[in-house]
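See structure below.
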Amino acid sequence: MKVDVLLGLQWGDEGKGKIVDVLAPDYDVIARFQGGPNAGHTLEFNQIKHVLHTIPSGIFREDQVNIIGNGVVIDPVIFMKEIGKIKAMNIDISKKLLISKKAHLILPSHRILDQASENAKGKTKIGSTLKGIGPTYMDKTGRNGLRVGDTITSNFKEKYQSLKEKHKDLLRLYDFEYDIEILEKEWFEGIDVIRQFQLIDSEVVINSFLKQKKRILAEGAQGTMLDIDFGSYPFVTSSNTICAGACSGLGVAPSAIGEVYGIFKAYCTRVGSGPFPTELLNNTGEELRAKGNEFGATTGRPRRCGWLDLPVLKYAIMLNGVTQLFMTKADVLTGFDQIRVCTGYKIDGKIVDHVPYELTEISEPVYTELKGWDKDLSGIRDIKEIPAELEDYIQFIEKETGVPVTFISVGPDREQILIRKP
Ligand code: GDP
Ligand code: IMO
Ligand code: MG
């Protein structure tokens with residue numbers, strides 16, 4: 001068996017959580033492979049909305065095992081709160097959720113360092129979610145980090161103290177007031193909650209699941225344009241969000257990757273700072289934000305909105321080896337007379353159709369216009385009922401990218417999904 005990978009092709013928030021929840025019944029195992037509580041994955045059923053930050057989005061299905069892989073960074077406080085919410089729904093997840101011993105821990109001092117660093121950057125700030133992601137991955141690659149497996153060793157407290165002292169030294173570089181101790185009680189309560197779960201060598205478990213012919217879905221966080229290597233650096237996150245991240249974040253060989261589901265919104269959004277070529281700083285942008293309810297699931301910040309960017313989509317498809325495209329939020333485009341799609345950029349007066357070294361080199365996006373539609377899509381459950389203009393839009397994307405669009409999402413609920421066999 002192979003591991004199928006589901007990931008975002010834009011700047012995050014493509015609707016990955018919803019789609020994982022939709023696909024989960026077809027899998028035995030759902031595994032998150034990178035990122036941490038900077039992620040906010042929303043899914044809806046029975047008129048209730050759930051937002052997950054650390055826990056894989058298969059958790060609300062009956063029979064699936066959910067794994068937090070080694071590539072993920074965990075904040076015990078946020079994790080404890082997520083667990084509390086799920087338990088309040090009378091869902092017993094003690095056997096359904098497994099945690100990699102090699103996943104790194106976000107300390108209170110990582111969060112403070114994140115805030116101090118962003119604060120010092122002033123106008124050039126990344127627009128981080130301030131969850132401590134950057135400092136935690138820095139400690140991972142700097143070989144200083146604390147891992148989940150450390151929580152069950154006898155000298156865990158000493159390891160914690162030693163890293164905290166290092167962080168205090170670093171914090172002297174900043175003009176930033178903080179109080180770590182006030183945050184520690186809750187943090188250690190969170191550690192106790194983590195210890196109640198099965199802490200595993202997830203790479204061994206996942207590979208043995210593969211041998212047992214179990215079906216595994218790897219759930220990405222963030223999006224390709226936030227990838228540490230290929231995103232709009234430095235306005236990115238600190239992990240590999242691309243398909244390769246599923247190999248290193250779960251311990252599966254590249255040859256074990258099967259389908260790669262690329263999730264993209266029918267338009268584009270971005271939260272935080274950084275270049276965004278198709279951003280609409282006008283009424284159309286406002287309309288997309290209002291109709292799409294584009295406010296961050298983690299921070300509540302308004303998301304910046306713009307038209308679909310094909311060079312970005314093609315770049316992401318190339319980097320990830322996407323085999324199927326899933327379009328989300330098609331319903332949000334209802335009511336626009338014309339829909340614009342960026343097919344290239346103007347750079348130094350020349351038109352290019354690829355993502356340049358820096359997106360800031362782009363002076364202007366080049367657009368193709370397609371006809372919009374008025375039909376409300378939210379109640380459609382059969383692909384045959386979609387308006388011809390939407391079908392044209394999808395076919396245009398398929399022609400440009402060479403990849404089939406196999407699922408169309410027409411609303412936040414798990415039932416609002418159309419299967420498309422081109
Ligand atoms: P993720 O981070 O990729 O899981 O996405 P988020 O949960 O951060 O953001 C996606 C938002 O869009 C959430 O509020 C979802 O409930 C919502 N959503 C997902 N798919 C659709 C869709 O097809 N139509 C509409 N209108 N909303 C959707
Ligand atoms: P999901 O999984 C959208 C953005 C932040 C910021 C940059 C760096 O829900 O799609 P970080 O906290 O990692 O230091 O922030 O990346 N960002 C996201 N944007 N969706 C996310 O996750 C994001 N995770 C981080 O806004 O610009
Ligand atoms: Mg999100």
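Counting starts at 1 for both ligands and their atoms, following the listed order. Values below: all heavy atoms of this structure, side chains included; hydrogens, waters and symmetry mates excluded.
When heavy-atom distances to ligand 2 are checked against a 4.0 Å cut-off, Lys131 has no atom that comes that close, whether in backbone or side chain. Residue contacts with ligand 1, taken as heavy atom pairs separated by less than 4.0 Å, do not involve Asn293 at all. Counting heavy atoms under 4.0 Å from ligand 1, residue Gln222 does not touch it at all. Under 4.0 angstrom from ligand 1, the non-hydrogen atoms of Lys18 all belong to its side chain. Contact annotation: for Phe235 versus ligand 2, there are no heavy atoms closer than 4.0 Å. Residue-level proximity to ligand 2 for His41 is carried by the side chain, the only part with a heavy atom below 4.0 angstrom. Residue contacts with ligand 1 for Asp331 involve side-chain atoms from C-beta outward but no N, CA, C or O (heavy atoms, distance under 4.0 Å). When heavy-atom distances to ligand 2 are checked against a 4.0 Å cut-off, Thr299 has no atom that comes that close, whether in backbone or side chain.
Not close to ligand 2: Ala297, with no non-hydrogen atom less than 4.0 angstrom away. Under the 4.0 angstrom criterion for non-hydrogen atoms, Gly223 is not in contact with ligand 2. Ligand 2 has no atom lying under 4.0 Å from any heavy atom of Arg303.
In the model, Glu14 has no side-chain atom that pairs as donor or acceptor with a side-chain atom of Thr328 under 3.5 Å.
Checked against the Mg ion (ligand 3), the N, O or S atom of Asp13 at the shortest distance is OD1.
The shortest N or O to N or O distance between Thr328 and ligand 1 is not below 3.5 Å.
Under a 3.5 Å cut-off, the side chain of Lys291 and the backbone N or O of Thr334 do form a donor-acceptor pair.
With hydrogens left out, the protein atom closest to atom 22 (O) of ligand 2 is Gln222 NE2, 3.4 Å, a heavy atom. Thr129 OG1, 2.5 Å is the protein heavy atom nearest to atom 12 (O) of ligand 2.
Nearest-residue assignment for atom 17 (N) of ligand 2 (options Leu226, Thr237, Asn38; heavy-atom criterion): Leu226.
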